[in-house]
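Worksheet: the structure to be examined is printed underneath.
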Amino acid sequence: MKNIPYLSPEKISAFISEALAEDVGPGDYSTLGSVPAEAKGRARLIIKEPGVIAGLELASMIFKQYDADLKVQLLEKDGAKVSEGTIGLVVSGRARSILTTERLVLNCLQRMSGIATRTAQLTALISHTKARLMDTRKTTPNFRMMEKWAVLLGGGLNHRFALYDMVMLKDNHVDFAGGIRKAILSSRAFLKSKGLDLKIEIETRTLEEVEEVLAVGGVDIIMLDNMDEVTMRKAVALVNGRYPLEASGGITEENLRAVAECGVDYISVGALTHQVKSLDISLKAF
(Lines give C-alpha, C1' and ligand atoms only; values in the text may rest on other atoms or scores of the structure.)
Protein backbone atom coordinates (compact mmCIF):
# COMPACT_ATOMS: atom_id res chain seq x y z
CA MET A 1 0.00 0.00 0.00
CA LYS A 2 2.97 2.31 0.52
CA ASN A 3 3.66 4.85 -2.23
CA ILE A 4 0.48 4.03 -4.16
CA PRO A 5 -1.06 7.47 -4.86
CA TYR A 6 -4.71 6.40 -4.96
CA LEU A 7 -4.52 4.44 -1.71
CA SER A 8 -4.60 6.25 1.60
CA PRO A 9 -5.85 5.28 5.06
CA GLU A 10 -8.61 7.88 4.70
CA LYS A 11 -9.85 6.55 1.36
CA ILE A 12 -9.73 2.94 2.50
CA SER A 13 -11.54 3.79 5.72
CA ALA A 14 -14.26 5.58 3.75
CA PHE A 15 -14.64 2.56 1.45
CA ILE A 16 -14.96 0.21 4.42
CA SER A 17 -17.56 2.44 6.07
CA GLU A 18 -19.69 2.61 2.93
CA ALA A 19 -19.38 -1.12 2.27
CA LEU A 20 -20.37 -2.00 5.84
CA ALA A 21 -23.31 0.40 5.70
CA GLU A 22 -24.49 -1.29 2.50
CA ASP A 23 -24.18 -4.80 3.93
CA VAL A 24 -25.08 -4.35 7.59
CA GLY A 25 -27.58 -1.49 7.47
CA PRO A 26 -29.47 -1.18 10.77
CA GLY A 27 -28.13 -4.50 12.02
CA ASP A 28 -26.97 -8.05 11.34
CA TYR A 29 -30.11 -9.61 12.73
CA SER A 30 -29.06 -13.21 12.01
CA THR A 31 -26.04 -12.78 14.26
CA LEU A 32 -27.66 -10.53 16.86
CA GLY A 33 -30.52 -12.99 17.30
CA SER A 34 -28.48 -16.17 17.54
CA VAL A 35 -25.09 -15.38 19.05
CA PRO A 36 -24.69 -14.09 22.64
CA ALA A 37 -23.03 -10.69 22.94
CA GLU A 38 -20.33 -12.09 25.22
CA ALA A 39 -19.40 -15.00 22.93
CA LYS A 40 -15.81 -15.16 21.75
CA GLY A 41 -14.52 -17.06 18.74
CA ARG A 42 -11.82 -17.71 16.20
CA ALA A 43 -11.95 -18.16 12.46
CA ARG A 44 -9.37 -18.91 9.83
CA LEU A 45 -9.26 -17.87 6.20
CA ILE A 46 -8.94 -20.94 4.00
CA ILE A 47 -7.75 -20.65 0.39
CA LYS A 48 -9.50 -23.41 -1.54
CA GLU A 49 -7.65 -23.26 -4.87
CA PRO A 50 -4.16 -22.25 -6.01
CA GLY A 51 -3.52 -18.65 -6.97
CA VAL A 52 -2.09 -15.33 -5.84
CA ILE A 53 -3.57 -13.98 -2.62
CA ALA A 54 -4.53 -10.29 -2.51
CA GLY A 55 -6.50 -8.33 0.05
CA LEU A 56 -5.14 -9.67 3.32
CA GLU A 57 -4.02 -6.22 4.43
CA LEU A 58 -7.45 -4.86 3.53
CA ALA A 59 -9.15 -7.71 5.41
CA SER A 60 -7.24 -6.80 8.54
CA MET A 61 -8.34 -3.17 8.16
CA ILE A 62 -11.98 -4.21 7.77
CA PHE A 63 -11.94 -6.38 10.87
CA LYS A 64 -10.25 -3.74 13.00
CA GLN A 65 -12.31 -0.82 11.73
CA TYR A 66 -15.49 -2.64 12.66
CA ASP A 67 -14.16 -3.86 16.01
CA ALA A 68 -10.82 -2.55 17.24
CA ASP A 69 -10.60 -5.41 19.74
CA LEU A 70 -10.43 -8.11 17.08
CA LYS A 71 -7.02 -9.74 16.77
CA VAL A 72 -5.82 -10.53 13.25
CA GLN A 73 -2.81 -12.73 12.53
CA LEU A 74 -1.70 -12.60 8.90
CA LEU A 75 -0.11 -15.92 7.93
CA GLU A 76 0.59 -14.99 4.30
CA LYS A 77 1.60 -11.78 2.53
CA ASP A 78 -0.36 -10.06 -0.19
CA GLY A 79 1.01 -11.07 -3.58
CA ALA A 80 2.16 -14.50 -2.40
CA LYS A 81 1.48 -17.62 -4.41
CA VAL A 82 -0.78 -19.92 -2.41
CA SER A 83 -2.00 -23.48 -2.81
CA GLU A 84 -5.23 -25.23 -1.92
CA GLY A 85 -5.57 -25.48 1.84
CA THR A 86 -3.33 -22.52 2.66
CA ILE A 87 -4.46 -20.54 5.72
CA GLY A 88 -4.23 -16.83 4.96
CA LEU A 89 -5.09 -15.38 8.35
CA VAL A 90 -6.64 -16.08 11.73
CA VAL A 91 -9.04 -13.64 13.37
CA SER A 92 -10.17 -13.87 17.00
CA GLY A 93 -12.38 -11.88 19.34
CA ARG A 94 -16.10 -11.16 19.55
CA ALA A 95 -17.95 -13.82 17.58
CA ARG A 96 -20.58 -11.32 16.51
CA SER A 97 -17.97 -9.03 14.98
CA ILE A 98 -16.37 -11.85 13.04
CA LEU A 99 -19.69 -12.98 11.62
CA THR A 100 -20.85 -9.49 10.66
CA THR A 101 -17.66 -8.65 8.76
CA GLU A 102 -17.21 -12.08 7.18
CA ARG A 103 -18.93 -11.42 3.85
CA LEU A 104 -17.29 -8.06 3.18
CA VAL A 105 -13.87 -9.55 3.91
CA LEU A 106 -14.51 -12.51 1.62
CA ASN A 107 -15.99 -10.43 -1.20
CA CYS A 108 -12.89 -8.24 -1.26
CA LEU A 109 -10.39 -11.08 -0.90
CA GLN A 110 -12.02 -13.35 -3.47
CA ARG A 111 -12.23 -10.70 -6.18
CA MET A 112 -8.85 -9.12 -5.49
CA SER A 113 -7.19 -12.54 -5.43
CA GLY A 114 -8.88 -13.49 -8.70
CA ILE A 115 -7.51 -10.34 -10.33
CA ALA A 116 -4.02 -10.83 -8.89
CA THR A 117 -4.00 -14.46 -9.99
CA ARG A 118 -5.03 -13.65 -13.56
CA THR A 119 -2.54 -10.80 -13.75
CA ALA A 120 0.28 -13.10 -12.62
CA GLN A 121 -0.72 -15.75 -15.16
CA LEU A 122 -0.68 -13.31 -18.08
CA THR A 123 2.46 -11.54 -16.90
CA ALA A 124 4.29 -14.88 -16.94
CA LEU A 125 3.43 -15.31 -20.62
CA ILE A 126 5.35 -12.16 -21.60
CA SER A 127 8.18 -12.29 -19.08
CA HIS A 128 10.70 -12.93 -21.88
CA THR A 129 9.91 -9.53 -23.44
CA LYS A 130 10.21 -5.93 -22.30
CA ALA A 131 6.43 -5.44 -22.42
CA ARG A 132 4.57 -4.81 -19.17
CA LEU A 133 0.94 -5.68 -18.55
CA MET A 134 -1.37 -2.81 -17.55
CA ASP A 135 -4.96 -2.49 -16.40
CA THR A 136 -7.61 -0.04 -17.65
CA ARG A 137 -10.56 1.94 -16.26
CA LYS A 138 -12.87 -1.01 -16.98
CA THR A 139 -13.44 -1.55 -13.28
CA THR A 140 -16.32 -2.11 -10.87
CA PRO A 141 -17.83 1.22 -9.72
CA ASN A 142 -16.66 2.11 -6.21
CA PHE A 143 -14.23 -0.82 -6.14
CA ARG A 144 -11.54 0.55 -8.48
CA MET A 145 -9.02 1.17 -5.70
CA MET A 146 -9.03 -2.45 -4.70
CA GLU A 147 -9.03 -3.84 -8.23
CA LYS A 148 -6.06 -1.74 -9.30
CA TRP A 149 -4.29 -2.61 -6.06
CA ALA A 150 -4.81 -6.28 -6.92
CA VAL A 151 -3.27 -5.78 -10.37
CA LEU A 152 -0.12 -4.43 -8.71
CA LEU A 153 -0.02 -7.38 -6.32
CA GLY A 154 -0.24 -9.71 -9.31
CA GLY A 155 2.80 -8.12 -10.92
CA GLY A 156 1.05 -5.78 -13.36
CA LEU A 157 1.11 -2.01 -13.74
CA ASN A 158 -1.65 0.52 -13.22
CA HIS A 159 -2.64 2.73 -16.11
CA ARG A 160 -4.20 6.07 -15.14
CA PHE A 161 -6.44 5.74 -12.10
CA ALA A 162 -9.21 8.01 -13.35
CA LEU A 163 -10.06 10.79 -15.79
CA TYR A 164 -8.17 13.46 -13.85
CA ASP A 165 -4.63 12.09 -13.60
CA MET A 166 -3.72 11.72 -17.28
CA VAL A 167 -4.89 12.94 -20.67
CA MET A 168 -5.84 10.05 -22.93
CA LEU A 169 -6.99 11.10 -26.39
CA LYS A 170 -8.94 8.17 -27.74
CA ASP A 171 -10.56 7.82 -31.16
CA ASN A 172 -13.72 9.67 -30.14
CA HIS A 173 -11.70 12.56 -28.71
CA VAL A 174 -9.71 12.81 -31.92
CA ASP A 175 -12.81 12.65 -34.09
CA PHE A 176 -14.75 15.22 -32.06
CA ALA A 177 -11.71 17.51 -31.84
CA GLY A 178 -11.30 17.54 -35.61
CA GLY A 179 -8.23 15.37 -35.96
CA ILE A 180 -5.00 14.35 -34.26
CA ARG A 181 -3.21 17.68 -34.61
CA LYS A 182 -6.08 19.70 -33.18
CA ALA A 183 -6.62 17.23 -30.33
CA ILE A 184 -2.97 17.34 -29.25
CA LEU A 185 -2.47 21.10 -29.57
CA SER A 186 -5.76 21.87 -27.83
CA SER A 187 -4.93 19.49 -24.97
CA ARG A 188 -1.48 20.99 -24.48
CA ALA A 189 -2.92 24.49 -24.42
CA PHE A 190 -5.57 23.43 -21.91
CA LEU A 191 -3.03 21.84 -19.57
CA LYS A 192 -0.83 24.93 -19.73
CA SER A 193 -3.75 27.25 -19.00
CA LYS A 194 -4.71 25.20 -15.95
CA GLY A 195 -1.17 24.72 -14.69
CA LEU A 196 -1.52 20.94 -14.94
CA ASP A 197 1.51 18.70 -15.36
CA LEU A 198 -0.06 15.58 -16.85
CA LYS A 199 1.10 13.05 -19.40
CA ILE A 200 -0.68 12.90 -22.74
CA GLU A 201 -1.38 9.61 -24.48
CA ILE A 202 -2.99 9.42 -27.90
CA GLU A 203 -4.67 6.50 -29.60
CA THR A 204 -3.76 5.64 -33.18
CA ARG A 205 -5.59 3.24 -35.47
CA THR A 206 -3.39 3.24 -38.57
CA LEU A 207 0.23 3.77 -39.57
CA GLU A 208 -0.85 7.06 -41.11
CA GLU A 209 -2.11 8.24 -37.74
CA VAL A 210 1.14 7.16 -36.09
CA GLU A 211 3.04 9.23 -38.68
CA GLU A 212 0.81 12.22 -37.96
CA VAL A 213 1.46 11.98 -34.23
CA LEU A 214 5.19 11.83 -34.88
CA ALA A 215 4.92 14.94 -37.04
CA VAL A 216 2.97 16.89 -34.41
CA GLY A 217 4.81 15.61 -31.31
CA GLY A 218 3.81 16.89 -27.89
CA VAL A 219 2.68 13.55 -26.44
CA ASP A 220 4.19 11.12 -23.96
CA ILE A 221 2.78 7.76 -25.07
CA ILE A 222 1.32 6.44 -28.32
CA MET A 223 -1.37 3.79 -28.19
CA LEU A 224 -1.62 1.25 -31.02
CA ASP A 225 -5.28 0.34 -31.04
CA ASN A 226 -6.57 -2.93 -32.49
CA MET A 227 -3.63 -3.28 -34.87
CA ASP A 228 -2.70 -6.67 -36.27
CA GLU A 229 0.79 -7.95 -35.57
CA VAL A 230 2.21 -7.01 -38.97
CA THR A 231 0.99 -3.41 -38.65
CA MET A 232 2.13 -3.24 -35.04
CA ARG A 233 5.67 -4.28 -35.94
CA LYS A 234 5.73 -1.61 -38.63
CA ALA A 235 4.54 0.97 -36.09
CA VAL A 236 7.27 -0.06 -33.64
CA ALA A 237 9.88 0.34 -36.37
CA LEU A 238 8.40 3.68 -37.43
CA VAL A 239 8.46 5.15 -33.92
CA ASN A 240 11.93 3.68 -33.35
CA GLY A 241 12.00 4.33 -29.61
CA ARG A 242 11.00 7.99 -29.77
CA TYR A 243 7.90 7.36 -27.66
CA PRO A 244 6.75 4.50 -25.43
CA LEU A 245 4.15 2.36 -27.19
CA GLU A 246 1.06 0.75 -25.71
CA ALA A 247 -0.83 -2.04 -27.46
CA SER A 248 -4.54 -2.09 -26.71
CA GLY A 249 -7.74 -3.63 -27.99
CA GLY A 250 -8.43 -7.24 -28.87
CA ILE A 251 -5.76 -8.58 -26.52
CA THR A 252 -6.42 -12.18 -25.48
CA GLU A 253 -4.45 -14.88 -23.73
CA GLU A 254 -3.95 -16.50 -27.13
CA ASN A 255 -2.34 -13.49 -28.83
CA LEU A 256 -0.73 -11.79 -25.82
CA ARG A 257 2.71 -13.33 -26.33
CA ALA A 258 2.77 -12.43 -30.03
CA VAL A 259 1.75 -8.84 -29.26
CA ALA A 260 4.51 -8.51 -26.67
CA GLU A 261 7.04 -9.86 -29.14
CA CYS A 262 6.19 -7.02 -31.55
CA GLY A 263 8.32 -4.77 -29.36
CA VAL A 264 5.73 -2.62 -27.57
CA ASP A 265 6.42 -1.30 -24.09
CA TYR A 266 2.99 -1.80 -22.55
CA ILE A 267 -0.06 -3.96 -23.16
CA SER A 268 -3.35 -2.89 -21.60
CA VAL A 269 -5.91 -5.60 -20.89
CA GLY A 270 -9.36 -4.60 -19.65
CA ALA A 271 -10.20 -8.23 -18.92
CA LEU A 272 -7.85 -8.14 -15.92
CA THR A 273 -10.60 -6.40 -13.98
CA HIS A 274 -13.85 -6.89 -15.87
CA GLN A 275 -13.75 -10.57 -16.89
CA VAL A 276 -12.04 -12.19 -13.95
CA LYS A 277 -13.04 -15.25 -11.92
CA SER A 278 -12.89 -14.82 -8.16
CA LEU A 279 -10.63 -17.11 -6.17
CA ASP A 280 -12.42 -19.63 -3.95
CA ILE A 281 -11.81 -18.59 -0.33
CA SER A 282 -13.79 -19.19 2.85
CA LEU A 283 -13.75 -18.12 6.50
CA LYS A 284 -14.40 -20.95 8.96
CA ALA A 285 -14.78 -21.00 12.73
CA PHE A 286 -12.54 -23.42 14.60
Side-chain angles (χ1 to χ4, degrees), residues 3-6 52 79 115-139 144 147-171 173-174 180 183-184 187 197-207 209-214 217-276:
N3 302 320
I4 303 177
Y6 56 83
V52 174
I115 290 170
T117 298
R118 187 59 174 154
T119 302
Q121 290 169 345
L122 295 184
T123 295
L125 295 179
I126 60 173
S127 60
H128 63 295
T129 73
K130 69 175 182 177
R132 296 294 305 275
L133 200 66
M134 293 199 304
D135 56 26
T136 70
R137 284 174 46 246
K138 296 176 183 178
T139 55
R144 181 175 296 175
E147 292 178 340
K148 283 186 170 281
W149 188 3
V151 168
L152 289 180
L153 292 170
L157 297 178
N158 292 151
H159 208 298
R160 59 176 176 166
F161 181 75
L163 292 170
Y164 55 77
D165 60 351
M166 183 179 182
V167 172
M168 180 181 284
L169 303 174
K170 303 200 75 175
D171 53 358
H173 295 95
V174 169
I180 284 175
I184 293 174
S187 295
D197 182 20
L198 299 178
K199 289 185 177 181
I200 298 177
E201 178 171 359
I202 188 160
E203 179 179 298
T204 58
R205 297 161 283 189
T206 65
L207 289 177
E209 288 189 342
V210 173
E211 289 176 336
E212 188 174 355
V213 172
L214 293 176
V219 300
D220 298 281
I221 305 172
I222 299 175
M223 178 191 290
L224 308 178
D225 184 54
N226 280 295
M227 290 186 183
D228 59 44
E229 292 162 30
V230 173
T231 306
M232 196 175 297
R233 286 183 184 276
K234 289 180 179 178
V236 170
L238 184 62
V239 174
N240 194 28
R242 284 177 281 179
Y243 295 97
L245 294 175
E246 174 194 339
S248 183
I251 309 296
T252 65
E253 182 174 355
E254 289 69 33
N255 68 11
L256 177 64
R257 184 191 300 268
V259 170
E261 290 173 350
C262 287
V264 296
D265 301 282
Y266 306 106
I267 304 174
S268 56
V269 180
L272 288 180
T273 51
H274 75 76
Q275 291 182 11
V276 71

In Å, rounded to the nearest 0.5 Å, how long is the span from CD1 of Ile221 to CD of Glu201?
4.5 Å
Asp165: partners by side-chain hydrogen bond (donor to acceptor under 3.5 Å, both in side chains), with sequence neighbours left out
none
Indicate the atoms forming the closest heavy-atom contact of Leu169 with Ser187, along with that distance.
CD2-OG, 3.4 Å
Answer yes or no: is there a side-chain heavy-atom contact under 4.5 Å between Met168 and Glu203?
no
Pair listing, salt bridge (Lys or Arg N to Asp or Glu O under 4.0 Å) test, anchored in residues 147-157, at least two apart
Arg111-Glu147, Asp135-Lys148
With sequence neighbours excluded, tell me which residues meet side chain to side chain contact (heavy atoms under 4.5 Å, CB included) with Ile222.
Thr204, Val213, Leu214, Val219, Leu224, Val239, Tyr243, Leu245
Atom pair OG1 (Thr231) and CG (Leu207), whose distance is rounded to the nearest 0.5 Å:
5.5 Å
When every non-hydrogen atom of Asn226 is compared with those of Gly250, the smallest separation belongs to OD1-N, 3.6 Å
Could you tell me whether a side-chain N or O of Asn255 sits under 3.5 Å from a main-chain N or O of Thr252, the two making a donor and an acceptor?
yes
Checking Tyr266 now: which residues fulfil ring-ring contact (aromatic ring centres under 6.0 Å, His included) with it, not counting sequence neighbours?
none
Once you round to the nearest 0.5 Å, how far does CG of Leu133 lie from OG1 of Thr119?
6.5 Å
For Met166 and Leu198, the nearest pair of non-hydrogen atoms, with its separation, is N-CD1, 4.2 Å
So, taking the atom named CG in Leu238 and the one named CE in Met232, what distance separates them when rounded to the nearest 0.5 Å?
14.0 Å
Let me see the working for Ile115 and Trp149 under side-chain contact (heavy atoms from CB on, under 4.5 Å), right down to the final yes or no.
CA-CA 9 Å; Ile115 290 170; Trp149 188 3; over 6 Å; no
Who are the side-chain hydrogen bond (donor to acceptor under 3.5 Å, both in side chains) partners of Ser127, not counting sequence neighbours?
none
dist Lys234:NZ -> Thr206:OG1 (nearest 0.5 Å) comes out at 12.5 Å
Cut-off 3.5 Å, no hydrogens considered: what does the side-chain donor-acceptor table look like for residues 269-276, sequence neighbours left out?
residue: Thr273; atom: OG1; partner: Lys138; partner atom: O; Å: 2.6
residue: Thr273; atom: OG1; partner: Gly270; partner atom: O; Å: 3.4

When rounded to the nearest 0.5 angstrom, what is the spacing between CD1 in Ile202 and CG in Asp171?
10.5 Å
Suppose we screen for side chain to side chain contact (heavy atoms under 4.5 Å, CB included). Which residues come up paired with Ala260, at least two apart in sequence or across chains?
Ile126, Thr129, Ala131, Ile267
Closest approach of Ser268 and Thr136, non-hydrogen atoms and distance?
CB-CG2, 4.1 Å
Filter on salt bridge (Lys or Arg N to Asp or Glu O under 4.0 Å), then keep only pairs touching residues 237-262, sequence neighbours left out; what's left?
Arg118-Glu253
Contacts of type side-chain hydrogen bond (donor to acceptor under 3.5 Å, both in side chains), residue Thr117, not counting sequence neighbours:
none
With a 4.5 Å limit on heavy-atom distance, are the side chains of Val210 and Met227 in contact?
yes
Salt bridge (charged side-chain N to carboxylate O under 4.0 Å, His left out) involving Glu209 - partner list, sequence neighbours excluded
Arg205
Exercise: identify the closest heavy-atom pair between Cys262 and Val236
O-CG2, 3.4 Å
Given Val52 and Leu153, is the side-chain contact (heavy atoms from CB on, under 4.5 Å) satisfied, shown in steps?
CA-CA 8 Å; Val52 174; Leu153 292 170; 5.6 Å; no
Partners passing side chain to side chain contact (heavy atoms under 4.5 Å, CB included) against Ala162 (at least two apart in sequence or in another chain):
Arg144, Tyr164
List the residues meeting salt bridge (charged side-chain N to carboxylate O under 4.0 Å, His left out) with Asp265, not counting sequence neighbours, and say none if there are none.
Lys130
